[in-house]
Amino acid sequence: MKSLRYLDLSENDDIKLLPDSITDLWNLQVLKISGCERLKQLPISIGRLVNLRHLYCEGCWNMTHMPRSIGELTSLITLTWFVLPKDLSASHFLTVGLTKLGRVDPRAAELSKLVMNHTAAGLNELGRLNQLKGRLEIRNLGAYMKNANRSELESTSFFRAKKGLQSLSLCWDPNLDEKASIFDVDDQHHWSLKCLEPPPQLTELQLCEYGGHEFPAWISSLKNLISLQVQDCQNFRSLPALEDFPLLKFCRLESLPQLEFMDNNCSRVEGHSSSLFQSLKKLYIFKCPKLRGWWKEGIEDGAIISSQFHGLSTLEIRDCPKLDQMPLFPSLDEKLLLENASLVPLRQTMQIQEAAIARPSSSSTPLPHPLSKLKSIWISSIEEQQVLPEDWLQELISLQELRIDCWTSLAFLPPGMSRLTNLRELDIRRCPQLKQRCAGNKAADWSNVSHISNIKIDKKTIQLGGIYQLCDEESAALIANFSLVHPLSRISSVTIEDLEYLPSEWLQTLATLKKLKIVNCPSLECRPQELHYLTSLQRLQIKQRN
């Protein structure tokens with residue numbers, strides 16, 4: 001076994017501790033323990049593995065710290081996780097030094113501190129591992145920095161010499177400073193992040209649960225950044241301008257409750273709009289309830305029109321109801337998701353052709369239809385007063401998937417849906433008016449959607465692979481269910497088209513109906529006694545189209 005060079009123990013939930021004897025494998029070069037969620041610690045003498053080059057340990061959620069001897073592995077190339085100790089006086093750290101004695105003494109607080117000081121690695125040990133390449137995630141930064149020597153950390157460079165480091169995740173601690181003032185948290189977190197300046201060649205940066213309100217100045221030096229993620233940063237108020245990262249392809253912003261604007265400087269938009277956002281492919285903005293716009297200062301409509309995401313493929317905005325000003329996205333070609341979000345940017349994007357025609361321009365090149373390459377749209381949880389143009393879907397000729405959820409004010413899909421010959425998936429949920437008009441071959445708008453291969457309404461399969469799945473009774477019942485879930489007791493006028501059966505359960509809910517219009521229903525059967533439910537009916541019109 002001492003000649004073993006590769007050991008994979010990953011995804012093993014039964015491992016809580018690694019035996020000290022593992023450090024006798026002097027020739028070991030690769031150790032994989034990723035996903036060992038119950039693993040609490042590495043062997044104290046792991047520094048004896050002098051030939052170890054790759055240590056994969058992400059997903060070890062119960063790990064409390066790294067042993068101090070890890071700093072001796074100066075030839076280490078891969079280290080995916082580095083766990084800093086949370087609290088030197090925490091009782092669970094006693095197990096580090098007292099495991100060999102086979103007991104834990106909760107009264108030995110001083111011994112606990114002594115053991116931790118001699119066995120737990122800090123940033124100084126990490127700073128010695130200058131051969132690290134690839135990705136690295138550092139956890140528990142908040143608790144560690146709170147007890148660290150500030151002047152010592154400020155005078156030390158931990159990452160600048162790690163020229164091979166490409167991806168860096170910096171994670172603080174959730175709810176660590178609940179009793180501290182926002183100013184204390186901001187100061188502590190800001191200086192701690194300032195100490196963690198990465199090498200300029202870094203391509204991926206992730207920030208989690210950081211308590212400061214902005215990035216330090218070093219963020220502007222990361223010109224090679226391809227991916228930027230900022231998540232669960234409760235005090236974050238200012239972002240670096242995405243335009244400053246010319247190679248940026250992926251950006252995810254999530255749970256930034258204090259963020260109001262993406263960029264405080266609009267001058268770059270008005271002067272260089274055609275060169276902005278050239279590389280960005282995927283943009284996700286989630287849970288930013290105060291986010292109002294991209295630019296803090298107002299800009300002219302013409303600048304908004306010319307400011308576009310030229311290469312963006314995927315845009316997802318969720319729980320950002322106030323975000324109604326941003327660069328437009330007419331070239332989007334993969335997915336658009338809007339959930340609890342404003343429809344203003346979508347409406348402006350769809351009307352970009354009209355706006356461009358209205359503006360004087362020296363260019364005579366015709367613009368392509370906006371969103372004509374888009375393959376998937378998900379729209380969910382839209383406020384009732386929000387509307388789109390009636391023909392908002394007609395030019396989306398590449399659309400393959402359409403999902404609409406909880407948009408109660410949307411009365412119908414636009415006519416001409418049959419032009420969308422690539423549309424294969426239609427999923428409608430919690431949209432009572434659409435359900436009534438599209439739920440089966442007896443519904444009023446079925447002819448507008450029947451060409452779609454796969455149709456689901458409120459999770460019920462209506463059509464699958466182009467084959468209709470409901471019998472006539474199920475179609476009528478599905479439409480009738482609309483009235484049971486969403487009472488129609490206040491409706492005064494109804495128009496019915498292309499139906500063969502009018503369920504009595506539905507008629508019973510129309511106690512206030514005054515006007516009933518039946519159009520193009522030659523096979524409709526309705527017994528006179530069923531009309532007795534319509535006690536307020538004043539006008540009945542029956543019409544057959546030629």
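Numbers for residues simply follow the sequence, beginning at 1.
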Open item on the list: Taking the basic N atoms (NZ, or NE/NH1/NH2) and the acidic carboxylate oxygens, is any pair closer than 4.0 Å for Arg292 and Asp324?
Closed with: no

Task: Residues Glu260 and Lys290 bridged, charged N to O under 4.0 Å - done: no

Not counting sequence neighbours, which residues clear ring pair (Phe, Tyr, Trp, His ring centres under 6.0 Å) with [X]? List them please.
{"X": "Phe82", "answer": "none"}
{"X": "Trp81", "answer": "Trp61"}
{"X": "Phe215", "answer": "Phe236"}

- [ ] Scan side-chain atoms only and decide if Glu425 and Asn454 contain a donor-acceptor pair under the 3.5 Å cut-off.
- [x] yes

TODO: Any chance you could measure Ser450, atom OG, to Met417, atom CE, to the nearest 0.5 Å?
DONE: 10.5 Å

Task: From NZ (Lys296) to CD (Gln325), nearest 0.5 Å - done: 13.0 Å

Taking all atoms of both residues into account, what is the closest heavy-atom pair of [X] and [Y], and its distance?
{"X": "Gln469", "Y": "Ile467", "answer": "NE2-O, 2.8 Å"}
{"X": "Ser10", "Y": "Cys36", "answer": "CA-SG, 4.2 Å"}
{"X": "Asp458", "Y": "Arg429", "answer": "OD1-CA, 3.3 Å"}
{"X": "Asp263", "Y": "Ala241", "answer": "OD2-CB, 3.7 Å"}
{"X": "Leu84", "Y": "Asn140", "answer": "O-ND2, 2.9 Å"}
{"X": "Phe159", "Y": "Leu136", "answer": "CE2-CD2, 3.9 Å"}

TODO: Assess whether side chain to side chain contact (heavy atoms under 4.5 Å, CB included) is satisfied between Leu470 and Gln463, documenting all intermediate values.
DONE: CA-CA 8 Å; Leu470 304 180; Gln463 191 153 271; over 6 Å; no

Open item on the list: Check for me whether Lys335 meets the cation-pi criterion with Trp378, that is, NZ or CZ under 6.0 Å from the six-membered ring centre and within 45 degrees of the ring axis.
Closed with: yes

Task: Ring geometry between His54 and Tyr56 (parallel below 30°, tilted from 30 to 60°, perpendicular above 60°) - done: parallel

Considering only distance and modelled atom types, tabulate donor-acceptor pairs under 3.5 Å from the side chains of residues 402-413, sequence neighbours left out.
{"unit_1": "Asp405", "atom_1": "OD1", "unit_2": "Arg430", "atom_2": "NE", "d": "2.9"}
{"unit_1": "Asp405", "atom_1": "OD1", "unit_2": "Arg430", "atom_2": "NH2", "d": "3.2"}
{"unit_1": "Asp405", "atom_1": "OD2", "unit_2": "Arg430", "atom_2": "NH2", "d": "3.0"}
{"unit_1": "Trp407", "atom_1": "NE1", "unit_2": "Ser409", "atom_2": "OG", "d": "3.3"}
{"unit_1": "Thr408", "atom_1": "OG1", "unit_2": "Glu384", "atom_2": "OE2", "d": "3.4"}
{"unit_1": "Ser409", "atom_1": "OG", "unit_2": "Glu384", "atom_2": "O", "d": "3.0"}

- [ ] Using the side chain to side chain donor-acceptor pair (under 3.5 Å) rule, collect all pairs that involve residues 195-204, keeping only residues at least two apart or in two chains.
- [x] Arg160-Glu197, Ser167-Glu204

Open item on the list: Between Tyr144 and Trp172 (judged by ring centroids, cut-off 6.0 Å), do the two rings come close enough to count as a pair?
Closed with: no

Task: Candidates Arg135, Glu58, Gln206 - the one meeting side chain to side chain contact (heavy atoms under 4.5 Å, CB included) with Ser169 - done: Gln206

Open item on the list: side chain to side chain contact (heavy atoms under 4.5 Å, CB included), that's the test. Do Tyr210 and Asp232 meet it? Break it down for me.
Closed with: CA-CA 7 Å; Tyr210 168 65; Asp232 300 305; over 6 Å; no

Open item on the list: The criterion is side-chain contact (heavy atoms from CB on, under 4.5 Å); which residues satisfy it with Lys281, sequence neighbours excluded?
Closed with: Lys249, Ser313

